[in-house]
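Proteins come first, then strands; the chains are lettered A, B, ... in the order of their sequence lines, and each starts at number 1.
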Amino acid sequence: MKEFPKNFDYHTSELKWQKYWEDNKLYESHPNTEKPKYSVVIPPPNVTGSLHFGHMLDITIPDIYCRRKRMEGFEVCWVPGMDHAGIATQIMVEKELAKEGKTKYDLGRDKFNELVWQWKEKNGGTILNQIRKLGASVDWSKERFTLDEGLSLNVRKVFVDLYKKGLIYRGNRIVNWDPVSQTAVSDDEIFHEERTDKLYFIKYYLENSDEFITIATTRPETLFGDTAVAVNPNDKRYKSYIGKKVNLPFLNKLIPVVADDYVDIEFGTGALKITPAHDVNDFEVGQRHDLEAVIVLTKESKLNEYTGEFKGLDIFQARKKIIERLKELDLLVKIEDLTHNIAISDRTKAVIEPYLSEQWFVKMKELAGPAIEAVKSGDIKFYPDRYTKIYFHWMNNIRDWCISRQLWWGHQIPIWYHKNTGEIYCEVDSPKDPENWIQDEDVLDTWFSSWLWPLSVFGWENSEKDKTNEWLNYYYPTDFLSPGPDIIYLWVARMIMAGLEYTGKVPFREVYFHSIIRDNKGIKMSKTLGNYSEPLDLMDKYGTDAMRFTIVYLAPLGSDVFFDEDKTQIGRNFVTKLWNAGRFLMMMKDKISEDTRDIPHADYKNDLIDSWIESRYNSTLINTAKYLKEYKLNEYTKSLYNFVWNDFCDWYIELMKIKVSEQPSNAVRIIDGAINYYDNILRILHPVIPYVTEELWHNIEEGRDDKSISFASSPSVDETKIRAGSEDDFEKVKELVTSMRNLKKDNGIAPSVRSNVLVNPSTAEGRKLVEQFSSYIKKLCNLESLEIVNKIDDNNEYASSVVNDVELYLSLEGNLDSEKQAEKISKEIENLKKYLGTLDKKLTNENFLSKASNEVVEKEKQKQSETKDKLDKLEKMVLKKS
RNA sequence: GGGCGGUUAGCUCAGUUGGUUAGAGUACUACCUUGACAUGGUAGGGGUCAUUGGUUCGAAUCCAUUACCGCCCACCA
């Protein structure tokens with residue numbers, strides 16, 4: 001026999017199989033027209049990334065589907081890779097530079113980018129090794145990086161193409177300015193947070209007058225950029241001022257009072273200062289009234305030369321000083337508290353500054369049309385379904401996408417300006433006479449490369465060649481995507497748009513938006529709060545399989561997961577249980593082959609135990625397939641957990657132990673049958689716990705050294721083997737055993753005491769079950785004797801109860817606590833009477849009888865007679881005692 | 001402000017088109033070291049199914065209402 005260690009050494013096992021799988025290139029895929037394909041792309045993690053709980057689901061979920069499909073005979077291709085993550089990476093390297101007291105400007109663009117590449121080579125791969133540790137069955141030969149040559153070429157091709165189609169344009173617009181990373185970011189890269197700030201009421205005097213308008217603002221420091229005061233045209237208070245001019249504090253500049261519907265009469269004073277260069281809405285008002293936009297802040301969010309004495313102050317210092325000065329000038333009326341939302345940068349957590357600048361945009365409306373249609377028509381399905389609505393809402397109100405970033409790390413925009421003429425050149429390759437041209441300094445949003453990911457990883461080029469690209473033709477569209485819901489707009493929606501624009505085909509068929517993992521109080525896990533353990537630490541402590549199993553077991557479709565470390569025990573214990581069951585079966589097989597060497601094998605006939613486990617097993621297979629299809633992954637793992645633990649280990653193996661000793665001539669056949677089930681169990685479980693199942697699969701049979709369970713076939717279902725009758729009958733046996741154990745326990749008899757029991761079945765079926773399982777019941781309940789009788793002498797030697805149609809009498813050898821017994825039974829009688837009462841009432845209700853279906857009425861009648869029967873039996877028992 | 005999802009045992013969740021005395025895991029309690037497993041076994045206690053009203057012979061399930069929680073979108077200076 002092969003050695004079977006007492007414990008599962010996951011540390012060793014994980015390394016061993018990782019190496020084995022990768023060295024043998026098991027998961028490398030090639031177009032194979034003989035087989036159906038299943039292709040998936042990984043949501044490329046940031047090159048700066050380190051494994052967190054979001055990644056765990058990003059990786060584990062597709063791995064489950066890929067491993068499963070592979071075992072079902074599909075040609076599976078799962079592409080890994082990384083995202084260059086413009087802002088995050090650049091900030092990381094800038095920080096390192098800062099330690100040496102340098103800035104990127106000291107190096108210059110080329111040197112700096114060289115340094116980032118060096119950083120990437122040195123530190124950028126950690127996430128990939130963590131993905132390896134997770135057991136991801138990805139095709140490493142296809143690993144891609146969004147700045148790879150091919151992918152970069154695609155980015156330029158698409159930019160040029162969209163530019164020439166008129167879908168990319170340059171505009172002077174208010175954008176979300178991140179003053180920390182000093183770049184524009186898109187609307188999808190900011191979030192809003194509620195904060196309490198001050199609302200300042202400031203007097204703006206009318207030209208040559210003692211009259212003034214009081215405006216309310218939270219941003220007094222931008223008043224230098226005011227080019228109007230706006231009031232609502234219907235506001236009686238200000239009607240007479242419209243068209244007049246007011247004097248801007250500090251600057252002695254006259255600005256007009258304009259009327260605009262945008263102004264809310266109720267808010268503040270009803271008079272609003274308009275700063276077109278530093279507020280989105282003000283910008284729009286400005287355009288309507290043809291106002292000048294004056295920029296008063298620098299890119300670092302400091303006041304610029306336009307602000308005179310305040311120049312160089314940051315906005316908070318400036319605000320303080322301006323208020324002081326306004327007080328001195330008696331221009332400040334009052335200050336109130338105001339709770340409002342402010343925009344924060346996702347990446348740097350800096351407060352976003354609306355900022356007027358030249359940026360590049362993609363017109364989205366046209367691209368959105370087909371992408372909406374693809375989801376509407378069911379070409380792409382979202383799970384859970386409610387994301388469909390969220391998607392439509394966003395797509396129907398889509399806004400242009402700001403794609404330029406004032407960074408150095410990324411794809412530089414393929415636009416060149418002629419030094420003399422200012423002419424614009426937009427091509428994939430740089431101009432032939434580069435000395436006459438200057439390339440646009442900006443780089444593209446990182447998502448401008450990710451939205452092409454499912455195309456570009458398969459070598460798409462947006463050229464004639466695509467027609468003969470067998471990789472693209474075979475693998476695209478992909479089948480499945482499993483992102484977090486937070487990137488539905490940033491990534492998922494945009495991939496759909498790009499895919500349809502460039503191939504006319506959707507990039508994937510089904511999208512499962514996985515749960516977000518929170519801490520046990522429901523708070524989002526965050527580094528700054530430190531409210532979680534690192535998944536890698538937990539994997540180290542409990543094993544990767546345990547971690548994978550737990551997290552999937554806990555993740556229901558469509559809601560968040562509350563996770564804490566203790567819960568990892570669910571997976572750890574399950575893995576241990578599975579391990580021990582296998583070890584036991586192999587020990588047993590060994591022992592049996594020795595013990596029964598000289599015993600001839602008899603013909604074996606299936607019994608109730610066999611047909612029951614067969615039925616349970618096939619039901620489980622059907623359920624797991626169904627749950628996987630519906631993306632109910634927690635149900636999928638739960639049904640496997642229950643089958644393995646409750647049915648297989650608690651009952652089937654326990655019964656088998658007894659059966660082999662009862663039927664030595666069948667012992668070999670029985671243990672082989674059990675091991676066969678176990679082998680199948682390993683194969684169903686492999687997609688979710690790959691390491692331990694691989695290890696066990698090799699342990700339970702010799703000669704598998706050059707094979708892997710990941711290519712063993714997925715067990716097939718035989719629906720004809722599902723028999724409700726067998727399951728019901730077996731359920732009755734279980735109840736018999738449980739009641740018997742209860743009876744002992746309730747009467748204070750230790751499990752170790754071998755009791756004598758009489759049973760009185762009132763039906764032939766009941767009698768048959770007891771006879772058939774008599775020896776099992778005796779063993780499982782530790783009984784000395786189990787005798788079937790027709791009636792009981794009414795001495796007081798027995799504790800009794802009723803289960804189904806069988807009366808149980810436990811001999812107490814004179815130790816009966818009759819009072820306690822009577823109490824117990826009369827309590828049950830009371831319950832049953834109450835229940836019978838409701839049934840009687842129902843069954844005498846004319847309305848019920850006439851309106852409910854026959855089936856339901858029959859069912860109720862059956863319940864009624866069963867309850868009556870049991871009640872009779874119990875009442876007889878009480879009589880006997882008294 | 002608009003939209004969506006949720007509320008079932010201490011906790012995490014099931015509950016199929018309305019027809020169980022409402023289930024599981026976990027936690028808790030008791031007993032058990034019985035030759036796979038104490039990361040285990042056997043059993044037990046624990047729920048007015050968030051509120052109020054309606055439809056129905058019958059509601060955890062359908063409808064409406066309220067409350068609370070969560071998410072998304074927009075954003076008022």
Does A:His340 have a side-chain nitrogen or oxygen under 4.0 Å from the phosphate oxygens OP1 or OP2 of B:A77?
yes
Would you say A:Lys626 places a side-chain N or O within less than 4.0 Å of OP1 or OP2 belonging to B:U16?
no
Out of B:U21, B:C13, B:A36, which has the shortest distance to the side chain of A:Asn580?
B:A36
Looking only at side-chain atoms of A:His393, point me to the closest of B:C76, B:C73, B:G41.
B:C73
Would you mind pulling out the nucleotide paired to B:G25, Watson-Crick or G-U wobble, both distances under 3.5 Å?
B:C11
Between P on B:C4 and OH on A:Tyr383, what's the gap in Å once rounded to a whole number?
22 Å
Interatomic distance where CG belongs to A:Asp590 and P belongs to B:A36 [whole Å]:
13 Å
Testing B:A74, B:U26, B:A36 for proximity to the side chain of A:Arg583, the answer is B:A36
So, does the side chain of A:His192 form a donor-acceptor pair with the base of B:C75 at under 3.5 Å?
yes
I'd like to know if the side chain of A:Asn782 reaches the main chain of A:Ser752, judged simply by a donor and an acceptor atom lying under 3.5 Å from each other, with no hydrogens or angles considered.
yes
Report yes if a donor N or O on one partner sits less than 3.5 Å from an acceptor N or O on the other, where the partners are the side chain of A:Lys567 and the base of B:A27; otherwise report no.
no
Measuring only the C1' atom in each nucleotide, how far is B:A59 from B:U16? A whole number of Å is fine.
16 Å
Any N or O donor-acceptor pair under 3.5 Å from the base of B:A36 to the side chain of A:Glu654?
yes
Under a 3.5 Å cut-off for both contacts, is B:U52 paired Watson-Crick or G-U wobble with anything, and if yes, with which nucleotide?
B:A64
A:Lys632 to A:Tyr627, cation-pi by 6.0 Å centre distance and 45° axis angle:
no
Would you say the side chain of A:Asn341 and the base of B:C75 hold a donor-acceptor pair, judged only by whether the two atoms sit under 3.5 Å apart?
yes
Could you check which of B:G5, B:A77, B:A36 has an atom nearest any side-chain atom of A:Lys389?
B:G5
Please determine, for the side chain of A:Asn742, which listed nucleotide (B:A36, B:C72, B:G44) has the closest atom?
B:G44
Would you mind pulling out the nucleotide paired to B:G5, Watson-Crick or G-U wobble, both distances under 3.5 Å?
B:C69
Contact under 4.0 Å: A:Trp645 side-chain N or O vs B:G41 OP1/OP2:
yes
Taking the inter-plane angle between the rings of A:Tyr553 and A:Tyr641 on a 0 to 90° scale, is it parallel (under 30°), tilted (30 to 60°) or perpendicular (over 60°)?
tilted
With A:Lys657 as the cation and A:Phe584 as the aromatic partner, state whether NZ or CZ is under 6.0 Å from the six-membered ring centre and within 45° of the axis.
yes
How are the rings of A:Phe4 and A:Trp579 set to each other: parallel, tilted or perpendicular (split at 30° and 60°)?
perpendicular
Find the distance A:Asp650:CG to B:G41:P and express it as a whole number of Å.
6 Å
Hey, is the side chain of A:Lys745 pairing donor to acceptor with the base of B:A30 inside 3.5 Å?
yes
Out of B:U20, B:A43, B:A74, whichever nucleotide has its closest atom nearest the side chain of A:Arg741
B:A43
Tell me the interatomic distance from A:Asp840, atom CG, to B:C57, atom C1', rounded to whole angstroms.
16 Å
Would you mind writing out the side-chain donor-acceptor pairs for residues 266-282 of chain A within the sub-3.5 Å range, not counting sequence neighbours?
| from | atom 1 | to | atom 2 | distance (Å) |
| --- | --- | --- | --- | --- |
| A:Thr269 | OG1 | A:Thr214 | O | 2.5 |
| A:Thr269 | OG1 | A:Ala271 | N | 3.3 |
| A:Lys273 | NZ | A:Thr222 | OG1 | 2.7 |
| A:Lys273 | NZ | A:Asp226 | OD1 | 2.8 |
| A:Lys273 | NZ | A:Thr275 | OG1 | 3.1 |
| A:Thr275 | OG1 | A:Asp226 | OD1 | 2.8 |
| A:His278 | NE2 | A:Val296 | N | 3.0 |
| A:Asp279 | OD1 | A:Asn281 | N | 2.8 |
| A:Asp279 | OD1 | A:Asp282 | N | 3.0 |
| A:Asn281 | ND2 | A:Tyr262 | OH | 3.3 |
| A:Asp282 | OD2 | A:Thr275 | N | 2.8 |

If I take atom CD1 in residue A:Ile570 and atom P in nucleotide B:C13, what distance separates them, rounded to the nearest angstrom?
11 Å
Want to settle it: does A:Leu554 or A:Thr838 sit nearer the 5' end of RNA chain B, counting the closest nucleotide to each?
A:Leu554
Check this one for me: any side-chain N or O of A:Asn573 less than 4.0 Å away from OP1 or OP2 of B:G40?
yes
Counting only side-chain nitrogens and oxygens, does A:Ser853 get under 4.0 Å of the OP1 or OP2 atom of B:G19?
no
Between B:U20, B:G41, B:U26, spot the one nearest the side chain of A:Tyr641, thanks.
B:U26
Would you kindly compare A:Asn7 and A:Val280 by the position of their nearest RNA chain B nucleotide and give the one closer to the 5′ end?
A:Asn7
More than 12 foreign heavy atoms under 6.0 Å from NZ of A:Lys589: is that the case here?
no
When you get a sec, tell me which of B:C13, B:A77, B:C4 is the closest nucleotide to the side chain of A:Phe267?
B:A77
Using whole Å, report how far CD of A:Glu565 lies from C1' of B:U39.
14 Å
Any strand: nucleotide that pairs with B:U42 via Watson-Crick or wobble, under 3.5 Å:
B:A30
In this structure, how many angstroms lie between the P atom of B:G58 and the CG atom of A:Asn845, rounded?
8 Å
Shortest side-chain distance from A:Lys859, nucleotide among B:G19, B:G15, B:U39:
B:G19
How long is the line joining NZ of A:Lys863 and P of B:U20, in whole Å?
6 Å
